[in-house]
Amino acid sequence: MRNFLKLIFAGLAVGRKPTTWLIDGNNFLGQKGTPRDAEVLADKLKPVAAAEQLILVFDGRPGESRNELSEGKFRHIKLEEGMSADDFILEEIKVIAAESKQNRIKLVTADKRLRSFALDTRPTVKSVVNPKTFWRKHYPRMSGMKKRVGGDDQSELTP
């Protein structure tokens, strides 16, 4: 029986579709209980990308040019002045969907317009998650960390 269950779970893992997490970074910076600095957020998310593709995108700021850092499955993108993360994410969804019908996207954003457009591309966009929900629910699971037991501050995590 034990070997039978192992075979079932192994089959489920093999049949799993490639998932990319697209994260609207600016939405994190304004949420209570999440990192408030872009570099801190990027550093915390890098280890998570060991398991799945993760793309963290920030809006362009006045006077800045595009800056992109790629490490393994992690991409940290700061767009050029005048370019919005929302527009970039929508284009990236189209690119990922065109690569293969098997690709899946999980989007992290608080933007209602982006959420609406992204969900129109189902089944490629599997789900849209609010940044606070991602930080409290998905990040601890993906990073191998768990919430601090007995603590009031749910944003603090321990290994």
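Quick caveat, the model's predicted, so the values are computed rather than measured.
- With sequence neighbours excluded, the residues forming a side chain to side chain contact (heavy atoms under 4.5 Å, CB included) with Glu81 are Pro62, listed by chain and number.
- Other residues, nucleotides and ligands contribute more than 12 heavy atoms inside 6.0 Å of the NZ atom of Lys46.
- Atom CD1 in Ile55 sits 5.0 Å away from atom CG in Leu22 (nearest 0.5 Å).
- Leu69 and Leu45 end up in different hydrophobic clusters when Ile, Leu, Val, Met, Phe, Trp and Tyr side chains are linked at under 4.5 Å.
- Remark: Ile96 CD1 to Asn103 CG distance equals 7.0 Å, nearest 0.5 Å.
- Between the CZ atom in Phe134 and the CG atom in Asp24 there is a gap of 12.5 Å [rounded to 0.5 Å].
- Evaluation of the salt bridge (Lys or Arg N to Asp or Glu O under 4.0 Å) test over residues 119-129, restricted to residues two or more places apart or in two chains, returns none.
- Taking the side chain to side chain donor-acceptor pair (under 3.5 Å) definition, one finds that Lys78 meets it with Glu39, sequence neighbours left out.
- Both Met83 and Val57 sit in one connected hydrophobic cluster of ILVMFWY residues. Membership requires side-chain heavy atoms under 4.5 Å apart, directly or through other members.
- For residues 53-69, the set of pairs meeting the salt bridge (Lys or Arg N to Asp or Glu O under 4.0 Å) definition, not counting sequence neighbours, comprises Arg66-Glu68, Glu68-Arg75.
- Scanning for side chain to side chain donor-acceptor pair (under 3.5 Å) contacts around Asp87 gives Ser84, with sequence neighbours left out.
- Hydrophobic side-chain contacts under 4.5 Å tie Val40 to no other Ile, Leu, Val, Met, Phe, Trp or Tyr residue.
- Applying the side chain to side chain donor-acceptor pair (under 3.5 Å) rule to Lys94 yields the partners Glu91; only residues at least two apart in sequence or on another chain are considered.
- Atom CG in Leu54 sits 8.5 Å away from atom CH2 in Trp21 (nearest 0.5 Å).
- The list of ring pair (Phe, Tyr, Trp, His ring centres under 6.0 Å) pairs with a residue in residues 52-99, not counting sequence neighbours, reads Phe58-His76.
- In this structure, Leu79 and Ile77 approach most closely via the heavy-atom pair CD2-CG2, 3.7 Å.
- Hydrophobic cluster of Val95: no remaining members, since no ILVMFWY side chain lies below 4.5 Å from it.
- Distance check, rounded to the nearest 0.5 Å: CG of Asp111 to CZ of Phe117 gives 9.5 Å.
- Checked against side chain to side chain donor-acceptor pair (under 3.5 Å), Asn27 has the following partners two or more places apart in sequence or in another chain: Thr109.
- His138 contributes atom NE2, which lies 10.0 Å from atom CG of Asn130 (distance to the nearest 0.5 angstrom).
- Shortest non-hydrogen contact noted between Glu52 and Thr19 is OE1-CB, 3.1 Å.
- Summarising the geometry of Ser143 relative to Val48, their closest heavy-atom pair is CB-CG2, 3.8 Å, with the distance given to 0.1 Å.
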